[in-house]
Each structure stands twice: as C-alpha cells, then as structure tokens.
Amino acid sequence: MLNRLADFLCGWRTVTIPPEESVRIFDDLYRNTIPFTKEHRRADGTITIRVRGSVWKYLEQYDACTLSEPHGLPVVLAFLKFRPALVLGILAAAAWLFYSTRIIWDVRIDGAEKTSPEAITELLAELGCGIGDYFPSIDFNDLHARYAAVQQDLAWLSVYMNGTVAEVQVRELWPDDRQIPAKGVYANILADADGIVEEVNVREGQACVRPGDLVRKGQVLISGVIEQKDETFRYEYASGEVICRTAQPIHTEIRTKRETKVYTGRETAKKSIKIFKKTINLFVNSGTLYANYDKIYTIEQLCPLGLCELPVWQETTTYREYETVTQDIPPDDAADEAIAELAENIRTAVQNAELVSKSIDAGFADGVYRIDCLLYLRRDIGRTEEFPVSEACVPDTGKIP
C-alpha cells in the first residue's frame, strides 16, 4: 500500500525488458543501485518492472527497453497547469461537498400519530431547522424550547443529526377530553331525534325518562336541575347516555341524463426542480392552456438507483383538458350507482349506532332511479345543552326566588 502511494506521488512508468537483454540490464541496475518495484515475468519471457521519477531518464539509454506513458501526481499536475478553469471547478466542487455535509438534507419524524408529520416539519423549518439549513449553527436545546413554546400538541420533542438527516423524536400530548364546565354553567341532556327509550345511564343529573317512553326531538332526557325533598333545588352539569330506537330516512336518486367530463387526450406538463429550498422552473410561464382542465400536482424525491434519497425533488403540474358533454346512463347502470351511493350513506349513518333493521323502496320514473330507505337504529340520542345560572338566582337556602 505504501509503495503504491509513493509511486503515485513520485510518478511512475512501466518498463518492459526483452529476455535476451534482461541479464545485462538487471546487472546494470543492481550495480548502479537503481530502485525498481513490481517485477513480473510474462509467458513470452519478457520482464516488466515499475520505476519512479528520475530513473526514467536512466532507462531511456537502453533501446531494447519499452517504457509506458508516465502516470502519477506529476502527470496530473502538469495536466491541470494549463487548465485553470478545471482546477477552479474541482475546488468549487470540493468546497460545496464540504459545505453540503453540514446542511440538512432530510427531516424524518418518529412518534407522531395524531399530529401531522408535515405540520411538524413545517414548524421546524420556520424555526430554522429545515431542509437546506446549516445545522452546525443550530442550538438544538434552544430549538426544543422554542418549539414547545409555540405549539400545544407535543409534550416533548428532540432533534439530533444522523449525518445530514435530522432525526426528530416526538412524544404527543393526550389531553383529558372530559368537559370541565365554567363556573356557574350547568347543562341538560336533550334529545336530538324522535325515538323510543330502551336504556338510560345517568352519570350526573336526574333522569326524566325511562325505558319504553316515546320522546320527541328537543325533549329533556337528563335534567341538570334537581328538586330535593325540602323543595330546594341544586344544579348539576348533566351527563350520561340515553339509548333509543330511532328511524332515519335516506333518499338517493341517480338521473340517466347528466353532464359529465370527457377527457380529450390533450395534456401539458410543467416541470420544476427543487434543490433544498431553491425552486428552478423548467418551463416558460404562459397563460391558461385550455378552457376546461384538471390540474394534477405531483412531487417526487430523487433516489439514484434506490440507494439514497437526495435533497432534490421533481415537481410536475399536469393540465389535462376535458369537455363537458351530456351523457345517457343506462337504467341498470343508474341502479347500480344508486345502490352503491345508498350503501355508503348507510355506512356513514351507522358509524355511531347499531343497525336494527331497514326497509327499502326503489323505482325508476321520468329518467330518475330513486331509492327511499328507512333505517331503524339503536343509538344514544342525547346532546348536551348548557345554561348559565347566576349566583344571585341561587340563595343560600337553595330555593329559587
């Protein structure tokens, strides 16, 4: 390894010696203490050796020897001597390479479940820790404190550099969702729909209905005003659930004649390259290309050969032209669409309820396929409605004046 390094620094050439001259030439080299390395005998009897620096001149006296082109650092320096622009380019590339190893190339978030990683990345960039920022100048302890001061979603955040990648560890806050009423504010539980009561569970307040009762929308189910035996009253923030059987209608209709978009096949793409924080457009700005078009935006990070991700993104905005035409839908297709839409509406309706049964009435008339569905659900129909009570209205005796 050291011999190769010395050969490169001093410069070297390969010398080929014919077999008939090898004895005389080697005898002369040893007698004059001429250094050489890497002796190798070929199949045809010729011998090759490697010599450095000024020894080239000495071996040129032997006509039988064949010398290769010179190699090594002196040759490189001689090549660059008359090419200053190339030297400047190499120095600039080396300086940029040195500088870029101290720039954030990517930000990776770990531990975010309910908080958007994009939101965390955006706020970090505003605080000076984003892609393209010079990370040796970042005080990470101060960054952590400033981030915690301007947001309410994270309990803890830590950023550390892994090469040119900012690794962000977060711990999210999981606040107590229980409602804490303000002083002097109380509440009733009212019905948000008509229904038949099946189950009443009271946590606070006083139940005003019982299983089997028919209730109307807006009726008090659990009262926050409680009358005591001595005819005094106390106020509570009513809470609990009232499970009722309710009926919910769903209507769906699909017309067989409707306006729809038909793509013409013409489209135009505008591309740009984003390097760190700098965006370079690869197109000439122009006006609106088409009268009617869909705009599709995509961004892709470059990853050569799938080995590593570079801080370079290709942004593409595609403009796809379409025309609006009146389309005739076959009745069977209209029925299929109506059924699919109905299924989605039912799926939404039963997210927080139990589906007991349903009745469906479907028909086709006047170019419209209609479906009327009545869902029978079992769900909590209670909604909280607050009311204030001033201290002046509640004397020490507890009686309402």
Side-chain angles (χ1 to χ4, degrees), residues 113-116 172 174-182 185-227 235-256 258 329-388:
E113 295 181 11
K114 65 184 182 70
T115 306
S116 168
E172 296 176 315
W174 295 92
D176 187 354
D177 294 331
R178 292 178 299 178
Q179 189 172 13
I180 300 176
V185 175
Y186 304 92
N188 294 320
I189 302 295
L190 307 183
D192 66 2
D194 298 342
I196 299 176
V197 179
E198 292 192 349
E199 183 180 342
V200 180
N201 299 311
V202 179
R203 288 188 291 271
E204 287 190 50
Q206 184 175 24
C208 299
V209 295
R210 58 186 178 182
D213 288 349
L214 175 64
V215 298
R216 296 293 186 182
K217 182 177 180 180
Q219 181 177 336
V220 177
L221 304 176
I222 303 176
S223 175
V225 181
I226 302 173
E227 183 177 2
Y235 298 97
E236 293 184 358
Y237 197 95
S239 65
E241 58 183 15
V242 179
I243 307 300
C244 294
R245 180 171 298 195
T246 63
Q248 179 175 336
I250 295 178
H251 176 74
T252 300
E253 63 178 40
I254 299 295
R255 298 182 178 275
T256 56
R258 64 187 177 191
I329 308 297
D332 290 343
D333 291 347
D336 292 340
E337 290 188 27
I339 292 172
E341 184 176 327
L342 176 66
E344 181 61 29
N345 292 337
I346 293 175
R347 189 179 301 112
T348 302
V350 301
Q351 283 183 349
N352 299 312
E354 176 187 348
L355 179 61
V356 178
S357 63
K358 63 179 181 289
S359 63
I360 298 176
D361 181 22
F364 181 79
D366 300 328
V368 180
Y369 191 89
R370 296 181 175 86
I371 300 179
D372 290 302
C373 177
L374 187 60
L375 302 180
Y376 294 95
L377 306 174
R378 186 175 183 273
R379 67 180 182 88
D380 178 14
I381 66 169
R383 63 177 177 85
T384 301
E385 182 170 300
E386 296 179 340
F387 61 89

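Values below: every heavy atom of this structure, side chains too, minus hydrogens, waters and symmetry copies. All of these numbers come straight from a predicted model, not from anything done at the bench.
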Asks: Determine the minimum heavy-atom distance between E199 and N201, stating which atoms define it.
Replies: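 In terms of heavy atoms, the two residues are closest at OE2-ND2, 3.0 Å.
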Asks: Would you say D380's side chain and G382's backbone share a donor-acceptor pair under 3.5 angstrom?
Replies: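 It does hold such a pair.
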Asks: So, does E172 use its side chain to make a donor-acceptor pair with the main chain of K114 at under 3.5 Å?
Replies: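 Checking the backbone N and O of K114 against the side chain of E172, a donor-acceptor pair under 3.5 Å is found.
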Asks: For the backbone of V225 and the side chain of E236, can you confirm whether one donor and one acceptor N or O come within less than 3.5 Å of each other?
Replies: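 No: the side chain of E236 does not pair with the backbone of V225.
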Asks: State the OH-CG distance between Y369 and D336, to the nearest 0.5 angstrom.
Replies: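 Reported value, rounded in 0.5 Å steps: 8.5 Å.
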Asks: Under the criterion side-chain contact (heavy atoms from CB on, under 4.5 Å), I'd like the reasoning laid out for K358 against I360: C-alpha separation, chi angles, the key distance, then a yes or no.
Replies: CA-CA 7 Å; K358 63 179 181 289; I360 298 176; 4.1 Å; yes
Asks: Grab the two heavy atoms, one from C373 and one from I346, that are nearest each other, plus how far apart they are.
Replies: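 Between these two residues, the closest heavy atoms are SG-CD1, 4.3 Å.
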Asks: Taking all heavy atoms of Q248 and all of A349, pick out the closest pair and write down the distance.
Replies: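 Answer, listing the atom of Q248 first, then A349: NE2-CB, 3.8 Å.
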Asks: As an exercise, state the distance from OG1 of T246 to CD1 of I243, rounded to the nearest 0.5 Å.
Replies: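 Atom-to-atom, T246:OG1 and I243:CD1 are 10.5 Å apart.
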Asks: More than 12 heavy atoms of other residues, nucleotides or ligands under 6.0 Å from CZ of R383: is that the case?
Replies: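 For R383, atom CZ is crowded (more than 12 foreign heavy atoms under 6.0 Å).
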Asks: Mind running side chain to side chain donor-acceptor pair (under 3.5 Å) on E386 and Y237 for me, showing each step along the way?
Replies: CA-CA 8 Å; E386 296 179 340; Y237 197 95; 2.5 Å; yes
Asks: Side-chain contact, heavy-atom cut-off 4.5 Å: L355 with Y376?
Replies: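 No, too far: nothing below the 4.5 Å cut-off.
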Asks: Would you confirm whether T252, through its side chain, and I371, through its main-chain N or O, come within 3.5 Å as a donor-acceptor pair?
Replies: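 No, because the side chain of T252 does not come within donor-acceptor range (under 3.5 Å) of the backbone of I371.
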Asks: Salt bridge or not for E198 and R378, using N-O below 4.0 Å?
Replies: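 Answer for the salt bridge query: yes.
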Asks: Give me the atom names and distance for the closest heavy-atom approach of R210 to V200.
Replies: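 In terms of heavy atoms, the two residues are closest at CA-CG2, 4.3 Å.
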Asks: Could you walk me through whether Q219 and K217 pass the side-chain contact (heavy atoms from CB on, under 4.5 Å) check?
Replies: CA-CA 6 Å; Q219 181 177 336; K217 182 177 180 180; over 6 Å; no
Asks: In terms of side-chain geometry, is the basic nitrogen of R216 or D194 positioned less than 4.0 Å from the acidic oxygen of its partner?
Replies: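 Between D194 and R216 there is a salt bridge, with a charged N closer than 4.0 Å to a carboxylate O.
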Asks: Apply side-chain contact (heavy atoms from CB on, under 4.5 Å) to S223 and N188, showing your working.
Replies: CA-CA 5 Å; S223 175; N188 294 320; 3.7 Å; yes
Asks: How long is the span from the CG atom in L342 to the NE2 atom in H251, to the nearest 0.5 Å?
Replies: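 So the gap between those two atoms works out to 11.0 Å.
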Asks: What residue among I189, L214, I222, V215 forms side-chain contact (heavy atoms from CB on, under 4.5 Å) with V209?
Replies: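 Result: among I189, L214, I222, V215, V215 is the only option passing the side-chain contact (heavy atoms from CB on, under 4.5 Å) with V209.
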Asks: Look at D192 together with R379 and state whether they make a salt bridge at an N to O cut-off of under 4.0 Å.
Replies: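 Judged by the 4.0 Å cut-off on N to carboxylate O distance, D192 and R379 do form a salt bridge.
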Asks: Test side-chain contact (heavy atoms from CB on, under 4.5 Å) on L377 and V356; report intermediate values, then the result.
Replies: CA-CA 5 Å; L377 306 174; V356 178; 5.9 Å; no
Asks: Calculate, to the nearest 0.5 Å, the distance between atoms CD and CD1 belonging to E344 and I250 respectively.
Replies: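 Here the rounded value is 10.5 Å.
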Asks: Parallel, tilted or perpendicular: which describes the rings of F387 and Y235, with under 30° parallel and over 60° perpendicular?
Replies: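 F387 vs Y235 ring planes: perpendicular.
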Asks: Considering all heavy atoms of both residues, which atom of I381 and which atom of C244 are nearest to each other, and what is their separation?
Replies: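 Where I381 meets C244 most closely, the heavy atoms are CD1-SG, 3.5 Å.
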Asks: Just verifying a value: how many Å separate R245 CZ and E354 CD, rounded to the nearest 0.5 Å?
Replies: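 Rounded to the nearest 0.5 Å, the CZ-CD separation comes out at 8.5 Å.
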